[in-house]
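Worksheet: the structure to be examined is printed underneath.
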Protein chains: 2
Amino acid sequence: MLVKRTEYAIRALISVAIRNRKGERPGFKDVAALIGAPKPFTAKILQEMTKRGLIKSIRGRGGGFFFDSPPESLTLYQVIKSMEGLSFFTKCAFGFNECSDEHPCPIHAEYLTFRQGFLDLTKQTTIGALAGKVIKGEAFLSWSTSMEVPGSIKLNFF
Amino acid sequence: MLVKRTEYAIRALISVAIRNRKGERPGFKDVAALIGAPKPFTAKILQEMTKRGLIKSIRGRGGGFFFDSPPESLTLYQVIKSMEGLSFFTKCAFGFNECSDEHPCPIHAEYLTFRQGFLDLTKQTTIGALAGKVIKGEAFLSWSTSMEVPGSIKLNFF
DNA sequence: ATATAAAAAGACCTTTAATTCTTTTTATAA
DNA sequence: TTATAAAAAGAATTAAAGGTCTTTTTATAT
């Protein structure tokens with residue numbers, strides 16, 4: 001379905017949102033620990049998302065990643081589009097370039113239903129809402145139940 | 001969604017079914033032309049499917065690929081499972097290994113609906129049915145409208 | 001000012017998927 | 001029985017995704 005980069009990206013965004021709500025600005029090591037992903041790869045993905053404007057970052061001591069506008073206004077659709085491109089939502093089930101209503105592949109009509117349904121879901125779901133579920137303990141981001149990272153130092157955040 | 005190998009595999013199976021219905025046994029060059037895929041790669045995939053028992057083949061002059069049992073009894077589900085493994089139908093939207101009803105990822109419940117819907121679709125759809133659509137001219141397998149391959153020689157098939 | 005902690009940048013490595021090429025085996029038409 | 005046309009097998013190549021490491025830049029607490 002989604003490529004790994006995008007999977008990690010979404011989980012990373014959710015964990016940034018959770019930390020932000022606590023008044024903290026996590027670094028890539030924190031985020032990697034929270035989502036159970038490799039540290040350098042997590043850094044790469046966070047930097048990529050910063051460059052694309054999904055989140056902001058501050059360098060130097062006490063820095064980290066954070067949401068400028070509320071995560072409730074960032075949809076899954078926007079994230080996936082930004083990471084994988086619009087083609088993710090439009091491509092044919094059988095990899096056929098010319099697939100369209102006029103020139104359909106053999107499963108075109110049936111598949112459209114699901115593609116549209118998934119599109120709607122991603123447009124309705126925000127990073128903020130998903131973060132809310134994790135905060136309430138209704139959902140998880142990794143094997144670890146806890147959202148705490150041992151040894152994190154408190155600085156003058158925000 | 002599906003990897004290229006699987007996309008080509010499905011299109012290849014449909015074109016084999018179509019040719020079989022005409023009393024022909026296509027070779028990999030015919031199939032590649034029909035589905036608009038690279039010839040050597042098409043050969044590889046057809047051979048893989050033969051090894052896995054989805055189709056049969058006959059070597060030597062006049063040989064080619066064919067269905068032993070009717071393509072109406074081969075579902076998309078069986079093909080995808082054979083090419084990509086069962087995990088294709090069970091994996092988490094966010095790539096989270098431990099995702100389950102008891103320990104869900106933040107989008108688990110909502111995503112289940114679509115996964116199940118797609119699973120049902122693939123179980124209901126057969127290669128024979130998809131081939132039927134192409135034969136009736138309701139669907140296509142490549143940019144080319146025609147199902148004819150120029151220069152193919154008729155031998156004692158079947 | 002200076003040491004330090006953090007992100008940014010970018011080179012590099014590894015693995016897997018995609019694709020091609022070459023050789024071998026096999027059936028059959030001539 | 002021999003030439004030929006076909007699939008099978010498998011080695012080799014290329015491209016893309018996944019992942020790591022090192023160096024540079026920058027902010028800030030001391």
Side-chain angles (χ1 to χ4, degrees), chain A residues 1-9 11-12 16 19 24-33 35-66 83-85 87-88 95 149 151-158, chain B residues 1-9 11-12 16 19 24-33 35-66 83-85 87-88 95 149 151-158:
Chain A
M1 192 73 176
L2 300 165
V3 298
K4 267 239 163 58
R5 261 172 56 254
T6 310
E7 292 175 355
Y8 286 155
R11 283 154 68 183
V16 170
R19 287 310 200 80
E24 296 168 14
R25 219 158 37 208
F28 73 88
K29 283 177 220 151
D30 290 348
V31 173
I35 68 176
K39 283 196 273 290
F41 198 35
T42 305
K44 218 31 177 332
I45 292 165
L46 284 166
Q47 285 163 17
E48 191 181 338
M49 291 195 288
T50 304
K51 206 155 38 174
R52 296 182 184 209
L54 296 179
I55 45 176
K56 291 255 171 6
S57 72
I58 292 182
R59 287 183 172 192
R61 194 190 184 104
F65 298 89
F66 63 101
M83 298 297 289
E84 307 211 6
S87 73
F88 179 83
V149 170
S152 67
I153 304 148
K154 286 278 160 68
L155 294 168
N156 290 346
F157 293 122
F158 292 97
Chain B
M1 194 75 177
L2 300 164
V3 298
K4 267 237 164 59
R5 262 172 54 253
T6 311
E7 291 176 354
Y8 286 155
R11 284 155 66 184
V16 169
R19 287 310 202 80
E24 296 167 15
R25 219 159 35 208
F28 73 87
K29 285 178 219 150
D30 290 348
V31 173
I35 67 175
K39 283 196 274 289
F41 196 35
T42 305
K44 240 332 169 23
I45 293 165
L46 284 166
Q47 283 163 18
E48 191 181 340
M49 291 195 289
T50 304
K51 206 155 38 177
R52 295 180 185 212
L54 295 179
I55 44 175
K56 291 254 168 12
S57 73
I58 292 182
R59 288 184 171 191
R61 194 189 183 104
F65 298 92
F66 64 100
M83 298 297 289
E84 307 211 6
S87 72
F88 179 84
V149 170
S152 67
I153 304 148
K154 287 278 160 68
L155 293 168
N156 289 347
F157 293 123
F158 291 97

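Sequence lines set the chain letters: A, B, ... in the order given, protein chains first and strands last, and positions in each chain run from 1.
Here the side chain of B/Phe65 is nearest to one of C/dT4, D/dA8, D/dA5, namely D/dA8. The side chain of B/Pro40 has C/dT20 as its nearest neighbour among D/dT20, C/dA18, C/dT20. Considering only the side chain of B/Lys44, C/dT19 comes nearest among D/dT25, C/dT19, D/dG18. Side chain of A/Arg59, nearest nucleotide from C/dT19, D/dG18, C/dA8: C/dA8. Side-chain proximity of B/Arg5 to D/dA9, C/dT20, C/dA18: nearest is C/dA18. Listed nucleotides D/dT20, D/dA5, D/dG19 differ in distance to B/Arg61; the shortest reach to its side chain belongs to D/dA5.
B/Thr50 has no side-chain polar atom (N or O) that falls below the 4.0 Å cut-off from OP1 or OP2 of D/dA7.
Applying the 3.5 Å distance criterion, the base of C/dA7 shares no donor-acceptor pair with the side chain of A/Gln47.
A distance of 10.0 Å separates CD in A/Glu7 from CE in A/Met1, rounded to the nearest 0.5 Å.
Between the CZ atom of A/Phe41 and the C1' atom of C/dG10 there is a distance of 15 Å, rounded to whole Å. Per the geometry, NZ belonging to B/Lys39 stands 17 Å off C1' belonging to C/dT22, to the nearest Å.
Remark: side-chain polar atoms of A/Arg25 are paired, donor with acceptor, to backbone N or O of A/Gly62 under 3.5 angstrom.
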